[in-house]
Amino acid sequence: MNFVDKVAIRVQAGKGGDGHKSFRRELYISKGGPDGGDGGDGGDIIFEANQNQDTLASFRFEKDLKAQDGESGGKSRKHGKRGNNLVSKVPLGTQIFLDGKLLFDLTQEGQSEVIAKGGKGGFGNAHFVSSVRQAPDFAEKGEPGQKYEITLELKLIADIALVGLPNSGKSTLLSRLSNARPEIANYPFTTLVPNLGVLDLSKTKSVLIADIPGLIEGASLGKGLGHSFLRHIERTKAIIHLIDFYSDKIVEDYLIIRKELTSYSKKLANLPELIVINKIDGVDQAILDKKLEPIKKELTKKTKLMTISALSGQNLNKLKEEISLLTVLKKKTSKSLAPKLPVIKIINNPDQFKVKKLSKGLYLVIGESISRFALRTDFKNDQALLRLKDILNKRGIYKELRRKGLKSGDKVTFDPDANQYLKY
Ligand SMILES: Nc1nc2c(ncn2[C@@H]2O[C@H](COP(=O)(O)OP(=O)(O)OP(=O)(O)O)[C@@H](O)[C@H]2O)c(=O)[nH]1
Ligand SMILES: [Mg+2]
């Protein structure tokens, strides 16, 4: 099956290049001025919504996305090259989740979002020259790129969804209304994944129609193909509910599908709905009227009923008019029905920090900004360590550490696994 609408993948942005440590060579001077260049930033992982893509299938074989690392800085203040971004095209309607929380919702064509940011390149030693530090003998290391395990979930953004029992003629109708050529056959569950097609209503208006695989009683309990495809109806403007005229229990057929929609979500149940009785080709009008009597009693004020033949094309122009009305209608109701999904940002103050005593004489400092400084620090270089100590002082972190009991000779770490310590 080529249609995939949910995948878990790992993304890793590029590491920042290390800053370079070097000194200008000058005639008669053993050590000239510092001239080590900065490292380049690592590349980002970017997702871009593209409407020509309609499945997440490519991610089944590509579960690890990695952007390029930045290059290290060089002598003579040479900047390292920035790592290339990795831009990955995803279908319109792709949602990106981290730990179950929605991070991004790609609902606009061409919308692109940075999913993982590349690490900043480290400063070379030329950067650290100051009035008090004439010959800095250290450079920063590049920061690691952001790394996440995310889940991608596709929720198609179609205007109209065709729903109904298997074999009711949904795919036939889609093939008549749009450019799509889905498989059609006289047995249930011909359609195994949603099909999409574009219906041109006028020069300026077109409508995206999704043919949803057939539903049966108990779909919400996993019967048949189950109800997982219903997620693709959530964002449609309206439902066309197709019913086979030749069924001898039209009302029951109708109620079965209504029940499945309702048990999936209230939102689906409340979408504008058009009931369409299909396969009326060659049927006598009197017979037709008689057969439709019972279902007319089921109609609420909101639902409309019409009859068509997807095969012969009968009443399809009328159906197109109804579709036009349904999709305009949505413009007014869409705001209340489908509020723009909020994009959750991980909010925190980067300068915040926490201090913890891990064991006797060992303390842990965590905080976005300070951890980043620590990551860029070359712990084997005394001058680099001095700079880190300076930052701890200026930010009041030493003060907090002392409050927690830090004494001379104790060790401070920024990552218990890194095996790198700052001695107080
Ligand atoms: N006579 C007649 N037959 C039709 C009409 N529409 C569809 N059919 C036939 O009904 C059968 C099922 O059509 P499909 O379009 O595959 O039905 P479906 O609803 O997509 O079925 P699933 O994909 O299995 O859910 C096919 O044999 C079609 O030729 C119609 O208007 N009149
Ligand atoms: Mg079908």
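Since the structure is predicted, the reported quantities are computational estimates derived from the model, not experimental observations. Ligands are counted one by one from 1 in listed order, and the atoms in each one are counted from 1 as well.
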Ligand 1 atoms in contact with [X] (distance to a heavy atom under 4.0 Å):
{"X": "G169", "result": "7 (C), 13 (O), 14 (P), 15 (O), 17 (O), 18 (P), 19 (O)"}
{"X": "G214", "result": "25 (O)"}
{"X": "P188", "result": "24 (O)"}
{"X": "D281", "result": "1 (N), 2 (C), 30 (C), 31 (O), 32 (N)"}
{"X": "Y187", "result": "24 (O)"}

Answer with yes or no whether [X] contacts ligand 1, where contact means a heavy atom under 4.0 Å from a ligand atom.
{"X": "Y246", "value": "no"}
{"X": "A185", "value": "yes"}
{"X": "P213", "value": "no"}

Quiz prompt | I212, L173, I233 screened by side-chain contact (heavy atoms from CB on, under 4.5 Å) with L162, the one that passes | solution = L173
Quiz item: In this structure, are over 12 heavy atoms from other groups packed under 6.0 Å from K147 atom NZ?
Solution: no
Flag [X] as yes when one of its N or O atoms lies below 3.5 Å from any N or O atom of ligand 1, and as no otherwise.
{"X": "I184", "value": "no"}
{"X": "T172", "value": "yes"}
{"X": "L311", "value": "yes"}
{"X": "E183", "value": "no"}

Practice problem: Please tell me if the side chains of S309 and K279 come closer than 4.5 Å, counting only heavy atoms from C-beta onward. | Solution: no
Practice problem: Examine all N, O or S atoms of S171, backbone included, and report whether one is under 2.8 Å from the Mg ion (ligand 2). | Solution: yes
Quiz item: Are any N, O or S atoms from N167 nearer to the Mg ion (ligand 2) than 2.8 Å?
Solution: no
Quiz item: For the side chain of D105 and the backbone of T107, is there at least one donor-acceptor N/O pair under 3.5 Å apart?
Solution: no
I'd like to know if [X] pairs up with [Y] as an ion pair, taking the criterion as any Lys NZ or Arg NE/NH1/NH2 lying under 4.0 Å from an Asp or Glu carboxylate oxygen.
{"X": "D378", "Y": "K141", "value": "no"}
{"X": "D44", "Y": "R82", "value": "yes"}
{"X": "K15", "Y": "E143", "value": "no"}

Quiz item: How does S171 reach ligand 1, if at all, at less than 4.0 Å between non-hydrogen atoms: by side chain, backbone, both, or neither?
Solution: both
Quiz item: What's the shortest distance from atom 21 (O) of ligand 1 to any protein heavy atom, and which residue and atom give it?
Solution: N167 N, 2.9 Å
Exercise. Could you find the nearest protein heavy atom to atom 8 (N) of ligand 1 and give me its residue, atom name and distance?
Key: K279 CE, 3.7 Å
Quiz item: From S265 OG over to L230 CG, what is the distance, rounded to the nearest 0.5 angstrom?
Solution: 8.5 Å
Quiz item: Of T190, N186, D244, which meets side chain to side chain donor-acceptor pair (under 3.5 Å) against N167?
Solution: N186
Quiz item: Aromatic rings H227 and Y264: how do their planes relate, parallel, tilted or perpendicular, breaks at 30° and 60°?
Solution: perpendicular
Quiz item: Is the distance between the ring centroids of Y363 and Y424 under 6.0 Å?
Solution: no
Quiz item: So, do F47 and F104 have ring centers that fall under 6.0 Å from each other?
Solution: no
Exercise. Kindly identify the option in I280, N278, L192 whose heavy atom sits closest to atom 6 (N) of ligand 1.
Key: N278
Quiz item: When you measure from atom 19 (O) of ligand 1 to each heavy atom in Q314, K170, R176, which option holds the nearest one?
Solution: K170
